[in-house]
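Here the structure is laid out as structure tokens; the discussion comes afterwards.
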Amino acid sequence: MLQLSQQQKLQQKLSPQQIQYIRLLQLPQIALEQAIKAEIEINPALEEGPENEAESADEPMDAADSVLESMKEETPADDPLNDILPQSDTPSSSGDDEFSWEDYIQTDDLYGFKTDESMGRGGEDEDRPDYTPVQTVTFHDRLWDQVRLLSFSEKEMKIAEHLLGSADPDGYLRIEPDKLADDFVFNYGVLVTPGELEKVRKQILNLDPPGFLSRDLQECLLVQLENMEVTETSENATDILRHCYDEFTRKHFDAIMRMLQLEPDELKLAFELIQRLNPKPGEDEMSPGSNYITPDFFVEIEDGEARISLNDRGIPSLRINKKYAIMARFGQVDEQARSFIRKKVEDAKFFRQSIIQRRETMLKVMSTIVEQQMVFFETGSGLRPMILKDIADRIRMDISTVSRVVNSKYVQTEFGVYSLKHFFSEGIETESGEEASNREVKERIREIIQAEDGKRPLSDDKIADMLNEKGYNIARRTVTKYRESMNIPVARLRKTI
């Protein structure tokens with residue numbers, strides 16, 4: 001039986017303005033430039049330039065500025081409409097309590113088939129200022145030019161386009177053939193069989209780079225060997241991958257030599273040849289936008305003191321269009337237009353304030369990080385154990401705020417460019433009672449492994465014993481965890497011939 005009842009609740013709810021501030025806070029420098037540019041394009045009340053351009057240029061105010069000055073004098077101080085005037089920096093509420101998370105948090109991830117824009121064949125930002133292209137032909141453009149030279153029918157060209165768009169970023173085609181055929185029918189409205197897809201895929205496999213659209217690593221490496229000059233070493237390498245692949249992945253060299261009747265020198269040459277092959281043909285080249293890092297902070301040490309600056313080179317000064325502010329109050333327009341203008345002015349005002357607040361928060365977090373890790377910024381080593389809560393407690397902010405500032409941000413120091421996450425690590429107690437950063441322990445593990453005998457690599461137990469001898473109280477499972485975090489394989493996979 002259905003029943004109606006009333007219930008009183010006390011809830012906390014993020015306003016759209018708070019969500020916008022959170023979104024801006026977690027953006028790195030380049031993404032922030034794009035966000036500001038997009039906001040200026042959609043909001044006519046927001047424009048680039050100093051807050052008071054007339055005073056900065058030593059020019060008399062125009063008629064709109066005069067009206068604005070008279071508005072400041074005539075409007076009572078407690079008038080709520082003062083909130084839309086540009087001289088105030090106090091955030092105002094939007095008046096629209098309903099919002100959608102999707103309006104502020106967007107994801108562009110696509111599953112399966114990728115569009116030309118997402119694969120790099122379109123959607124270039126031609127209007128972006130100071131953009132110098134470093135690569136005129138993308139990786140997929142070069143691959144597509146080779147496909148055009150093949151004797152493909154019109155249907156096979158569509159299949160090739162579909163296959164290239166369905167490849168993963170590393171160059172592998174991991175979608176099942178039946179699912180791939182269904183996607184092709186959905187996209188092109190043409191029936192195709194898995195056999196037809198496989199025929200086209202086999203031909204693309206041998207293009208440059210060979211192995212693109214492989215189903216797995218074994219096929220990728222075999223295709224590359226088949227496209228090389230045939231030698232005794234390449235034939236041995238092919239036999240290893242074709243007949244002893246499981247033993248090869250486990251580095252069971254004795255079993256491989258016994259199964260293929262190879263001498264140690266022959267196995268060594270074949271193994272080195274396989275190691276030189278490309279396991280990820282889709283990452284053959286880097287795109288223009290991914291081959292460099294733009295730091296968000298600069299830290300310089302002068303006379304024992306740190307100078308911290310925010311990289312706002314591409315961030316323009318923002319101001320609110322005064323004419324729009326006047327129209328929102330006195331414009332001879334209908335109520336609907338005035339409501340639209342008022343909302344745009346409010347949005348512009350809060351966006352500008354969010355940028356200012358973002359700058360203050362980021363500098364506050366970065367200053368505290370430098371204060372805590374001053375030894376590192378002076379010498380380039382000696383990180384102290386530090387977690388997000390340490391910074392949050394010092395600046396009296398929530399841990400989530402610090403996490404958003406740290407995420408995807410970089411700082412340029414005198415010793416290189418580092419991710420802000422690099423400065424956060426847990427501590428391990430030494431025999432002397434002091435705490436050492438786990439990054440320092442990871443570096444000791446790396447040094448031990450680099451100095452080991454390749455024919456008899458050290459186990460995690462032995463590495464733990466060596467660290468304990470150096471004063472680090474660490475267990476074997478901790479060594480395993482740190483080794484895996486550094487992408488260092490287990491001892492048997494580090495074995496050399």
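These values consider heavy atoms only, across backbone and side chains, with no hydrogens, waters or symmetry-generated copies.
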TODO: Answer yes or no: is there an ion pair linking R174 with D170, defined by an N-O contact shorter than 4.0 Å?
DONE: yes
- [ ] For salt bridge (charged side-chain N to carboxylate O under 4.0 Å, His left out), just list the numbers for R477 and D460, CA-CA rounded to whole Å, side-chain angles, deciding distance to a tenth of an Å, and then say yes or no.
- [x] CA-CA 8 Å; R477 62 179 179 274; D460 291 345; over 6 Å; no
Open item on the list: Looking only at the side chains, is there a donor atom on one of S459 and D461 sitting less than 3.5 Å from an acceptor on the other?
Closed with: no
Open item on the list: Are more than 12 heavy atoms, taken from residues, nucleotides or ligands other than E447, located less than 6.0 Å from that residue's CD atom?
Closed with: yes
Task: Derivation and outcome, salt bridge (charged side-chain N to carboxylate O under 4.0 Å, His left out), residues D390 and R394 - done: CA-CA 6 Å; D390 297 333; R394 284 181 171 270; over 6 Å; no
- [ ] Classify the side-chain pair Y21/T401 by whether it contains a donor and acceptor separated by less than 3.5 Å.
- [x] no
Open item on the list: Against L420, only a single residue in V411, V402, D296 fulfils side-chain contact (heavy atoms from CB on, under 4.5 Å); can you say which?
Closed with: V411
TODO: Could you tell me which non-hydrogen atom of P457 sits nearest to which non-hydrogen atom of A491, and how far apart they are?
DONE: CG-O, 2.9 Å
Open item on the list: A quick test of your reading: do over 12 heavy atoms of other residues, nucleotides or ligands sit less than 6.0 Å from CZ of F340?
Closed with: no
Open item on the list: Surrounding NZ of K268 (heavy atoms of other residues, nucleotides or ligands, distance under 6.0 Å), is the total greater than 12?
Closed with: no
TODO: Could you tell me whether the side chains of E33 and Q29 share a donor-acceptor contact shorter than 3.5 Å?
DONE: yes
Open item on the list: If you take the centroid of each ring, where Trp contributes its six-membered ring, are F271 and F253 closer together than 6.0 Å?
Closed with: yes
Open item on the list: Per the ring-ring contact (aromatic ring centres under 6.0 Å, His included) rule, what does the pair list look like for residues 302-326, sequence neighbours excluded?
Closed with: none
Open item on the list: Here's a test for you: under side-chain contact (heavy atoms from CB on, under 4.5 Å), which of Q373, M366, R307 qualifies with V299?
Closed with: M366
TODO: Would you mind listing every ring-ring contact (aromatic ring centres under 6.0 Å, His included) that reaches into residues 366-399, with sequence neighbours excluded?
DONE: F376-Y418, F376-H422, F376-F423, F377-F423
